[in-house]
Amino acid sequence: MKKLQGAHLRKPITPDLLMTPSDQGDVDLDVDFAADRGNWTGKLDFLLSCIGYCVGLGNVWRFPYRAYTNGGGAFLVPYFLMLAICGIPLFFLELSLGQFSSLGPLAVWKISPLFKGAGAAMLLIVGLVAIYYNMIIAYVLFYLFASLTSTLPWEHCGNWWNTGRCLEHRGAKEGNGALPLNLTSTVSPSEEYWSRYVLHIQGSQGIGSPGEIRWNLCLCLLLAWVIVFLCILKGVKSSGKVVYFTATFPYLILLMLLVRGVTLPGAWKGIQFYLTPQFHHLLSSKVWIEAALQIFYSLGVGFGGLLTFASYNTFHQNIYRDTFIVTLGNAITSILAGFAIFSVLGYMSQELGVPVDQVAKAGPGLAFVVYPQAMTMLPLSPFWSFLFFFMLLTLGLDSQFAFLETIVTAVTDEFPYYLRPKKAVFSGLICVAMYLMGLILTTDGGMYWLVLLDDYSASFGLMVVVITTCLAVTRVYGIQRFCRDIHMMLGFKPGLYFRACWLFLSPATLLALLVYSIVKYQPSEYGSYRFPAWAELLGILMGLLSCLMIPAGMLVAVLREEGSLWERLQQASRPAMDWGPSLEENRTGMYVATLAGSQSPKPLMVHMRKYGGITSFENTAIEVDREIAEEEESMM
């Protein structure tokens, strides 16, 4: 009897009114809980993953090419304007959504179920990009293995894939320094190695006749997907450790290549071309569209990767600081990569005796033609070539990790009870499916399909998704409510700069760019090849499909509600009952009332009793509740 009394004293009975579901530990609530979602295991995992995700192949392959084709240094003007107006604010918005809810791109739309189609559109876009992005990594692996020789295979002519137009760079000038008369009609060994051996593009008549599968590329693509799968096998717990190497080592190689590049004769000619602004290019809408797309590709805004990474953070992680570290660091990296590229372009233009703007060819050729040719001009050329392509490999893998993690996280968050315990198997199935879909890129005409995917998978469709996300959060959910969420999470509200960008500048700029991209539409091309009308239509439909998912999602959300059409729209646009922080200890203030099974009329009192006392963040929640009460009184 005394033992029972002692036990009763040690464990007092709490009235049901003040009990949360976690207090009722011995009560069978008939609730099954999903497997643990997981979190980052180290303090730097998130920051390095974001840096690795943003600093990718685009910084070396896409940014220098876009700068080179859009006025050199003049391209930096729209680039930094778009970074300030769209990049930084939308980067912070996406991180805030993910960290506050701890949900992926689909489940995060509990914030407003009416716009869940935007999450589905994100997955479609990131899926299409992941298919062709890994093909570029396969090209990198191909060149990486080809560099493991004493003499690089693209250094000389005379191979079976070379034609009579092949001319080695050492033969570009005669003994007296005069240029051969037929220089403009010749091609370098590296260019023929890329087009005639790696791509074997002469085996295809165009995008409609892709030709045979290139088995060496097929195996490289398989290896790329195996590497990606092994690195995301355990989710962020495994990829978060891999990025400690893949996100930092490229900077060492980039610095080495930069120092070597600027010491080459004629390097200043290329750097001058890179830095000299040609402001007349700014009158072209294409330059501004390219700048905006570069921001999206480089920062990864709108793809769902940032949201996914932030969803594995602790609730009070300082993502405000991380936003500026990643975005500004990414911009600096792009500029440094431009110096490394253009210093080599200047050297090559001097060696070949042609202007800088005639050295580089099409986009991918900048990394697979120009730089490989430059490596042959250096002592220990296989060593420098291996370092360069190993840098590209590490840069590309980080971004690919994010693409796959975004898809896997989004789907497993939708079906946590079934897929979360089998996340590794599900990840493997995704990799296999995407490998099979990417096999067409390994054919003789695979480059045509890659260009089509690159031009349309994340162009106007991505802009529509980002505009929708921005408007849904700031206009439908409410800018005041969103800022309160950030206040509760970080301890301060976003300033006027972020509010102005979210409400007006970012969506207005993106809307203007969307209109310009439609009005100034230009068909796709690869070199001298012009895509047929049916291919252009296929690309346009590819972009429209992601846009159509938004109204389709709205239709599904409205049909799930009851009442008149207007009542259904109102109900579907409101946050779900369980919207808010995922952990009970973080549901302070107004969000405690949304806990499953909570019966308390005073939610904050329940939270204080459960966790004892009021922390600084809980004090912030009290302030938020007070603000809401004052607004309600003023409206009455």
Side-chain angles (χ1 to χ4, degrees), residues 61 135-174 179-206 209-221 223 344-345 347-349 351-354 358-390 392-393 441-448 450 526-529:
W61 169 62
M135 189 64 230
I136 299 175
I137 296 178
Y139 292 144
V140 172
L141 286 171
F142 190 98
Y143 273 82
L144 190 69
F145 295 137
S147 301
L148 299 175
T149 59
S150 57
T151 303
L152 294 175
W154 57 84
E155 183 172 356
H156 301 290
C157 298
N159 302 291
W160 66 262
W161 59 83
N162 292 127
T163 65
R165 299 175 58 210
C166 181
L167 180 66
E168 299 179 22
H169 67 274
R170 292 184 179 86
K173 291 186 178 182
E174 298 175 344
L179 294 176
L181 295 177
N182 63 343
L183 179 61
T184 56
S185 62
T186 62
V187 293
S188 64
S190 62
E191 186 171 350
E192 288 202 338
Y193 180 83
W194 163 247
S195 62
R196 297 183 60 82
Y197 180 70
V198 179
L199 300 180
H200 199 257
I201 204 164
Q202 69 272 18
S204 171
Q205 300 300 318
S209 56
E212 298 180 355
I213 289 180
R214 301 277 293 158
W215 291 107
N216 44 11
L217 289 180
C218 184
L219 293 176
C220 287
L221 182 62
L223 177 60
V344 175
L345 292 181
Y347 170 59
M348 293 184 64
S349 69
E351 288 292 305
L352 299 176
V354 296
Q358 294 183 19
V359 175
K361 301 296 181 181
L366 194 64
F368 297 111
V369 175
V370 176
Y371 236 85
Q373 181 179 355
M375 296 301 103
T376 64
M377 304 178 185
L378 303 176
L380 300 175
S381 56
F383 169 75
W384 289 105
S385 178
F386 182 86
L387 280 184
F388 173 70
F389 287 108
F390 190 75
L392 292 185
L393 176 64
L441 304 178
T442 65
T443 60
D444 295 335
M447 178 52 65
Y448 299 130
L450 190 147
Y526 180 72
S528 59
Y529 178 76

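FYI, side chains are in, hydrogens and waters are out, and symmetry mates aren't considered; it's all heavy atoms of this structure. Just so you know, these numbers come straight off a predicted model, no measurement behind them.
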- Query: Could you walk me through whether V140 and F390 pass the side-chain contact (heavy atoms from CB on, under 4.5 Å) check?
  - Reply: CA-CA 8 Å; V140 172; F390 190 75; over 6 Å; no

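Within the 4.5 Å cutoff, side-chain heavy atoms of L393 are placed close to those of L144. Between V344 and Q373 there is no side-chain heavy-atom pair separated by less than 4.5 Å. In this structure, the side chains of T151 and H156 come closer than 4.5 Å at one or more pairs of heavy atoms. A 4.5 Å side-chain heavy-atom check between L167 and V187 finds every atom pair outside the cut-off. At a threshold of 4.5 Å between non-hydrogen side-chain atoms, the residues W160 and R196 do not count as touching.
Interatomic distance, CG of L223 versus CZ of F142, reported as 13.0 Å (0.5 Å rounding). Remark: L141 CG to F145 CZ distance equals 5.5 Å, nearest 0.5 Å. One distance of note links OH of Y448 with CG of L199; it measures 9.0 Å at 0.5 Å rounding. The CG atom of L450 sits 11.5 Å away from the OG1 atom of T442 when rounded to the nearest 0.5 Å. Between the OG1 atom of T376 and the CH2 atom of W384 there is a distance of 14.5 Å, given to the nearest 0.5 Å. Interatomic distance, R214 CZ to D444 CG, rounded to the nearest 0.5 Å: 6.5 Å.
Note on ring orientation: taking the six-membered ring where Trp is involved, the planes of W161 and Y197 are tilted (angle from 30° to 60°).
Side-chain atoms of S385 never come within 3.5 Å of backbone atoms of S381 as a donor-acceptor pair (strictly under, hydrogens ignored). Judged by distance alone, with hydrogens and angles left aside, the side-chain atoms of S204 form a donor-acceptor pair with the main-chain N or O of G206 at under 3.5 Å.
Among all heavy-atom pairs drawn from L152 and M375, the shortest one is CD1-CB, 4.2 Å. Between C220 and A138 the shortest heavy-atom distance is CB-O, 3.6 Å. Looking at every heavy atom in both residues, P372 comes nearest to F389 through CG-CZ, 3.7 Å. The two residues Y529 and Q205 make their nearest non-hydrogen contact at CE1-O, 4.2 Å. Of all non-hydrogen atoms in F368 and I136, the two that sit nearest each other are CZ-O, 4.1 Å. The two residues L392 and A367 make their nearest non-hydrogen contact at CD1-CB, 4.4 Å.
Between W154 and Y143, the gap from one ring centroid to the other is short of 6.0 Å.
S190 and S188 form a side-chain donor-acceptor contact under 3.5 Å, judged by distance and modelled atom types alone. Side-chain contact annotation: T163 with E192, donor-acceptor N/O pair under 3.5 Å present.
Residue-environment remark: CD (Q202) exceeds the threshold of 12 foreign heavy atoms within 6.0 Å.
In this structure, the side-chain hydrogen bond (donor to acceptor under 3.5 Å, both in side chains) partners of N159, at least two apart in sequence or on a different chain, are N162.
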